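First comes the structure, then the notes that go with it.
Every value quoted in this text rests on a predicted model; they were computed, and no experiment measured them. Letters go in sequence order (proteins before strands), and every chain restarts at 1.
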Protein chains: 2
Amino acid sequence: MKKKTTIYDIATKLNITAATVSRALNDSELISKKTKKMVLEAADELSYFKNRHALALKSGRTNQVGLVVPFINRHFFSNIIMGVEEELYPKGYQVMIFQSNESERKEKDIIEALLQNQVDGVLISVSKTTRIKDHFNKIIDNNLPLIFFDRKADIENSSCVETDDVLGGKIATQHLIDQGCSQIAYVTVDLNLNIYTNRFKGYKESLKYNGIDFRKELVFQANSDIASGRKVARQILSSDANIDAIFCSSDYIALGVMQELKEQNVSIPDDVAVVGFSNEPFTELLDLTLTSIEQSPYEMGKSAARVFLDQMNSKNANIEHAIKLKPKLCIRDSSLKNNRTMHK
Amino acid sequence: MKKKTTIYDIATKLNITAATVSRALNDSELISKKTKKMVLEAADELSYFKNRHALALKSGRTNQVGLVVPFINRHFFSNIIMGVEEELYPKGYQVMIFQSNESERKEKDIIEALLQNQVDGVLISVSKTTRIKDHFNKIIDNNLPLIFFDRKADIENSSCVETDDVLGGKIATQHLIDQGCSQIAYVTVDLNLNIYTNRFKGYKESLKYNGIDFRKELVFQANSDIASGRKVARQILSSDANIDAIFCSSDYIALGVMQELKEQNVSIPDDVAVVGFSNEPFTELLDLTLTSIEQSPYEMGKSAARVFLDQMNSKNANIEHAIKLKPKLCIRDSSLKNNRTMHK
DNA sequence: ATACTCTATGCAATGGATTGCACAATATAA
DNA sequence: TTATATTGTGCAATCCATTGCATAGAGTAT
């Protein structure tokens with residue numbers, strides 16, 4: 001097993017001290033050009049590279065940030081990651097990516113590991129099963145920037161970047177109303193998460209604004225996947241509710257709903273208009289394209305990264321930032337009752 | 001700025017030495033139960049956590065592995081990541097995920113950073129622009145396990161896990177021939193990558209096996225995206241070649257091809273059958289579902305992780321492993337000429 | 001009471017890089 | 001030639017946890 005090269009090896013070889021080597025490698029002005037050149041050559045020859053752990057130990061800083069998402073293989077989250085990296089990589093930060101798999105237990109473990117790694121900050125979208133929040137407070141206690149994105153927890157001195165989900169819920173609902181719908185079913189996911197309660201709030205506010213009574217029996221619950229969407233569609237169809245639109249708080253649910261409606265020969269959007277949420281890529285690949293709400297995950301990632309940088313660069317790591325990104329309605333065939341050909 | 005708690009803080013508080021604290025925290029049998037209890041309580045009270053950098057420095061091991069993919073937001077790669085994590089997380093390894101963005105330069109930087117981090121091994125799918133391979137050899141020189149997955153480079157003492165792409169190319173082509181096609185256009189991506197040369201090889205072998213002449217003019221080049229697929233479809237249609245099938249070495253290309261054929265009123269699969277590669281999730285969400293080759297990325301990730309563990313646990317880190325995973329044909333509407341309804 | 005085990009703990013070095021302070025060597029000024 | 005700057009290096013402590021070796025103190029046997 002070959003030993004790794006250290007500055008001591010270089011020093012011995014050149015008959016100088018490690019201190020000089022260190023200064024030379026860091027291009028200190030105290031060191032003569034001749035020595036610098038010597039050191040650089042020797043370093044190359046011995047294929048030396050710095051030991052980041054020694055650095056971290058000495059300096060207390062790592063230039064690493066922790067990034068925690070529920071799942072990495074969702075378009076939404078992987079694009080957030082892209083955005084964060086894009087912003088942080090040029091500034092010399094390494095992004096350590098972890099997935100919680102929606103497990104509170106794993107989320108705790110990850111944060112423990114991040115703290116052990118002495119990361120300079122944590123960016124996180126909380127797992128939907130998370131109830132306790134000790135692990136978040138630990139981050140704050142250690143004076144590290146804590147930035148939530150999309151899904152947040154209520155933690156003092158933390159920041160967050162989120163979509164204006166209330167607005168998202170509103171514009172989707174308003175759009176359906178504009179299309180002439182009034183009996184709009186709403187399918188929600190776990191109401192424990194801020195994003196879903198906010199979308200729901202937007203839905204209700206929009207109904208009220210348009211003078212339409214909110215009807216509890218038009219609200220359904222599902223998980224964010226296709227099968228669950230199919231199931232809820234069957235529920236809706238077999239209920240007494242005489243609906244003319246379904247607003248799903250997830251594109252996957254919407255897709256399942258559309259598949260089921262199609263099989264049951266319900267015409268979309270004429271009998272029932274459908275709207276999803278998140279603007280997953282598949283929404284425009286479908287033969288019957290799906291109207292959805294774009295959340296700009298890439299921008300969200302960049303924004304979260306910038307908040308982190310802000311906090312790092314200001315004296316006080318814990319100024320709270322709160323950023324809301326505007327969602328955008330992407331109108332497609334599944335909800336557009338007139339002029340379909342125009343948008344084909 | 002609050003200082004972080006160390007074992008010395010705990011030692012001072014309890015009037016014992018750091019050595020004792022360290023042993024107590026590691027549940028050493030040398031330490032009495034009473035002392036252990038005291039230490040554990042104090043540690044909790046001071047919200048102590050281990051400094052991994054000190055550990056790494058001392059032990060020379062980090063229990064971290066580097067995982068490098070071209071892009072994180074591709075279904076194929078993100079599922080490989082899932083597989084790797086699934087296998088390595090329970091064994092106490094942290095997976096550091098990086099994306100090269102298909103840039104040789106960034107790939108080099110990442111590997112440099114991984115070495116600085118003293119990772120215990122590297123799993124990588126090489127960027128398609130990578131030509132030099134010094135950075136890979138550096139890993140081997142440092143006696144670290146190097147495992148390629150999907151896209152590999154030719155490096156001595158490294159291991160690799162790949163799809164049997166030749167077989168993939170064969171079964172897709174054979175399927176098209178079985179459907180009665182004989183003038184099969186082939187669309188390839190960057191032939192610098194092993195995966196694409198192998199798929200191409202499979203295509204040619206299959207033609208030969210079936211006594212069909214290989215025709216150079218039926219081979220087209222494109223990038224792995226929808227727009228490029230549309231473009232190549234236009235090329236194919238406007239060429240003299242009178243084809244009855246298009247085998248695309250990427251699902252994204254196949255999707256673009258299908259969109260374009262549809263617009264030009266070419267019937268799929270009756271006039272032209274289409275087959276893709278990778279079995280991206282959208283292939284079965286389309287109205288006209290796309291036949292494709294499943295590569296089981298999740299399994300590939302698990303397999304790569306197991307190779308890493310094998311190498312770690314054997315004395316010699318550089319036994320070469322070479323694993324080929326069997327691809328699977330997923331037959332869908334885009335290529336199935338008869339009995340379409342059966343598969344609806 | 002003496003000699004001899006154990007048991008539980010302390011001491012000190014180690015790993016790699018940084019950095020304030022001291023100092024030698026050289027250059028400049030008087 | 002002597003005093004004074006100016007450069008370029010070296011010394012040693014530090015960051016935190018681990019661990020081989022030494023040892024104090026308690027317990028046991030004779």
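- The residue A:Ile7 sits close to a base: some heavy atom pair falls under 4.0 Å.
- Among the protein residues, B:Ser59 comes within range of no part of the nucleic acid, since none of its heavy atoms lies under 4.0 Å from any strand.
- The distance from atom CG of A:Asp27 to atom P of D:dG8 is 13 Å, rounded to the nearest whole Å.
- One interatomic measurement links the two molecules: CG of A:Leu30 to C1' of D:dT6, which rounds to 12 Å at whole-angstrom precision.
- At a threshold of 4.0 angstrom between heavy atoms, the contacts of A:Leu55 are confined to the sugar-phosphate backbone, with no base atom among them.
- The pair B:Glu87-B:Arg306 counts as a salt bridge, with a side-chain nitrogen and a carboxylate oxygen less than 4.0 angstrom apart.
- Which of D:dC11, D:dT18, C:dT9 sits closest to the side chain of B:Tyr8 comes down to D:dT18.
- Counting non-hydrogen atoms under 4.0 angstrom, A:Leu25 reaches nothing in the nucleic acid.
- Applying the 4.0 Å criterion to OP1 and OP2 of D:dG8, one finds that A:Thr20 has every side-chain N and O outside that range.
- Rounded to a whole Å, the CZ atom of B:Arg52 is 22 Å from the P atom of D:dC15.
- You'll find that the side chain of A:Ser22 is closest to C:dT19, out of D:dA17, C:dT19, C:dG16.
- Atoms CZ (A:Arg61) and P (D:dT14) sit 23 Å apart, rounded to a whole Å.
- Ring planes of A:Tyr93 and A:Phe308: perpendicular class, angle over 60° (limits at 30 and 60°).
- With D:dT18, D:dC11, C:dA17 as the candidates, the nucleotide lying closest to the side chain of B:Lys50 is D:dT18.
- Toward the 5' end of DNA chain D, the nearer of the two residues B:Arg23 and B:Asn51, judged by each one's closest nucleotide, is B:Asn51.
- Classification of A:Glu41 and A:Lys37 as a salt-bridged pair holds, one side-chain N sitting under 4.0 Å from a carboxylate O.
- Cation-pi geometry between B:Lys106 and A:Tyr89 is met: under 6.0 angstrom from the ring centre, within 45 degrees of the axis.
- Distance CD1 (A:Ile16) to P (C:dA17): 14 Å, rounded to an integer number of Å.
- Taking atom CG of A:Leu57 as the reference point, atom P of D:dC15 lies 9 Å away to the nearest angstrom.
- Counting heavy-atom neighbours within 6.0 Å of A:Lys108 NZ, excluding the residue itself, gives a total of 12 or less.
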